[in-house]
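Any value given below was found using the heavy atoms of this structure, including those in side chains, with hydrogens, waters and symmetry copies removed.
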Protein chains: 2
Amino acid sequence: MSDLLQRLRERGWRLTAQRRVVAEVLAGDHIHLTADEVHARATERLPEISRATVYNTLGELVSLGELLEVSTDHRATRYDPNARRPHHHLLCDRCGTIRDVHPTGDALSALPESERFGYTVSGVELTYRGICPNCAA
Amino acid sequence: MSDLLQRLRERGWRLTAQRRVVAEVLAGDHIHLTADEVHARATERLPEISRATVYNTLGELVSLGELLEVSTDHRATRYDPNARRPHHHLLCDRCGTIRDVHPTGDALSALPESERFGYTVSGVELTYRGICPNCAA
DNA sequence: GCCTTGACTTAGACCTTGTCCAATGTAGGC
DNA sequence: GCCTACATTGGACAAGGTCTAAGTCAAGGC
């Protein structure tokens, strides 16, 4: 995580307590929090942090490529700190839990030229859906 | 389209003018309207139709498996009437236009057992992203 | 064809998620 | 330690979506 802060500082980020706390909250694997969840956890460490700052910081981290926006359900956007390692998602349809997964093969090349309709295709997202072991029990 | 209405009637759907109009608005290929767009087009044919009814009807059609929810951008949910034919989506990052596409191969089998974390995997969604020919010009 | 009834529709209040802005605070260069 | 540009704040605002109470009507039974 400190490497994240390091990278950000190198890019001219001003290091404030608020930004540090948001970065800390997002540390870890298989973390996919909504903005409000990030705000709630950040508030535990820094009670006066505002919602607007959380949204600003998340947005900046996304532009910098440090964070990935994930909109798997049809509700709040979630943020995935594992942006530097390409991966896809496995989602529980019942409880909404998300895991990062690494399928084999290359989904991009599975789209033939005839199915590209003249688009310049730059990326692909896979979302697997199912029921997690917890919910199945 | 009348087969859709037929199927719905067989399932005990009460056939109202409002539901008929929503079904009509959604007829066609590569149709991916938001709820408000559906409402706007429905209003042209049936001025007194309410937003709540459009939402209700769309929700029911989704539960019945006649309609697919697509949340490609991080804004309004779109509805895809092509639910009975499995397909995926190609999305223009600039203007948001969506095309239905059919990649080769089977994305489901690309997820090895070791990457399933005990989930019962039932489906997969692919979303290709790029720039459409219109926006590229 | 008319009645009845429960399902359907309506308008509008309300909720959640997210954005914007003017005023205030502060990190970091000097 | 001061200065200034950048960051933060709280609250208003907007879009998308849900809920509810009251009124309406499709369709089955007569």
Check: So, is B:Gln18 near the phosphate of D:dT24, with a side-chain N or O under 4.0 Å from OP1 or OP2?
Finding: no
Notebook entry, point to check: Is the backbone N or O of B:Cys92 less than 3.5 Å from a side-chain atom of B:Arg129, with the two atoms forming a donor-acceptor pair by type?
Noted result: no
Item checked: Under 3.5 Å: donor-acceptor pair, side chain of B:Arg99, backbone of B:His30 -> no
Margin query: Contact between B:Pro133 and A:Tyr119 at the side-chain level, heavy atoms closer than 4.5 Å - yes or no?
Written below: yes
Check: Just by distance, do the side chain of A:Glu115 and the backbone of A:Pro112 share a donor-acceptor pair under 3.5 Å?
Finding: no
Notebook entry, point to check: Can you tell me how far P of C:dA7 sits from CZ of B:Arg19, to the nearest Å?
Noted result: 11 Å
Note to self: Counting only side-chain nitrogens and oxygens, does B:Thr53 get under 4.0 Å of the OP1 or OP2 atom of C:dT10?
What the structure shows: yes
Check: In whole angstroms, how far is the C1' atom of C:dT26 from the CZ atom of A:Arg20?
Finding: 13 Å
Margin query: Is any side-chain heavy atom of A:Glu125 closer than 4.5 Å to one of B:Leu126?
Written below: no
Item checked: Which residue lies more 5' along DNA chain D, comparing B:Asn56 with A:Val54 via nearest heavy atoms -> A:Val54
Check: Rounding to a whole Å, what distance do you find between B:Glu60:CD and C:dT9:P?
Finding: 7 Å
Item checked: Relative orientation of the end axes in the helix from C:dG1-D:dC30 to C:dC30-D:dG1, expressed as an angle to the nearest 10° (five pairs per end) -> 30°
Margin query: Check for me, please, whether B:Val62 and A:Leu91 land in the same ILVMFWY cluster - side-chain distances under 4.5 Å, paths through other members count.
Written below: no
Check: Below 4.5 Å, heavy atoms only, C-beta onward: do A:Glu24 and A:Arg45 meet side chain to side chain?
Finding: yes
Notebook entry, point to check: When the distance from CD of A:Glu69 to C1' of C:dT17 is rounded to whole Å, what number comes out?
Noted result: 13 Å
Next item on the list: Output yes when a side-chain donor or acceptor of A:Tyr128 lies under 3.5 Å from a complementary backbone atom of B:Ser122, and no otherwise.
Entry: no
Scan nucleotides 25-27 of chain D against the protein and return all N/O pairs shorter than 3.5 Å with their distances rounded to 0.1 Å.
unit_1: D:dC25; atom_1: O2; unit_2: B:Arg14; atom_2: NH2; d: 3.1
unit_1: D:dA26; atom_1: O4'; unit_2: B:Arg14; atom_2: NE; d: 3.4
unit_1: D:dA27; atom_1: OP1; unit_2: B:Leu15; atom_2: N; d: 3.0

Listed pairs, N/O of protein and of nucleotides 16-18 of chain D, under 3.5 Å:
unit_1: D:dG17; atom_1: OP1; unit_2: B:Thr77; atom_2: N; d: 2.9
unit_1: D:dG17; atom_1: OP1; unit_2: B:Thr77; atom_2: OG1; d: 3.0
unit_1: D:dG17; atom_1: OP2; unit_2: B:Tyr55; atom_2: OH; d: 3.3
unit_1: D:dG17; atom_1: N7; unit_2: B:Arg51; atom_2: NH1; d: 3.4
unit_1: D:dG17; atom_1: N7; unit_2: B:Arg51; atom_2: NH2; d: 2.8
unit_1: D:dG17; atom_1: O6; unit_2: B:Arg51; atom_2: NH2; d: 3.2

Item checked: Rounded distance (Å) that lies between atom C1' of C:dA27 and atom CG of A:Leu5 -> 15 Å
Notebook entry, point to check: Rounding to a whole Å, what distance do you find between B:Leu8:CG and C:dA7:C1'?
Noted result: 15 Å
Notebook entry, point to check: Is the shortest heavy-atom distance from the side chain of A:Thr77 to the side chain of A:Thr34 under 4.5 Å?
Noted result: no
Margin query: Can you confirm whether A:Asp100 sits close enough to A:Asp80 that some side-chain heavy atom of one is under 4.5 Å from a side-chain heavy atom of the other?
Written below: yes
Note to self: Keeping A:His39 on the side-chain end and A:Ile49 on the backbone end, is there a donor-acceptor pair under 3.5 Å?
What the structure shows: yes
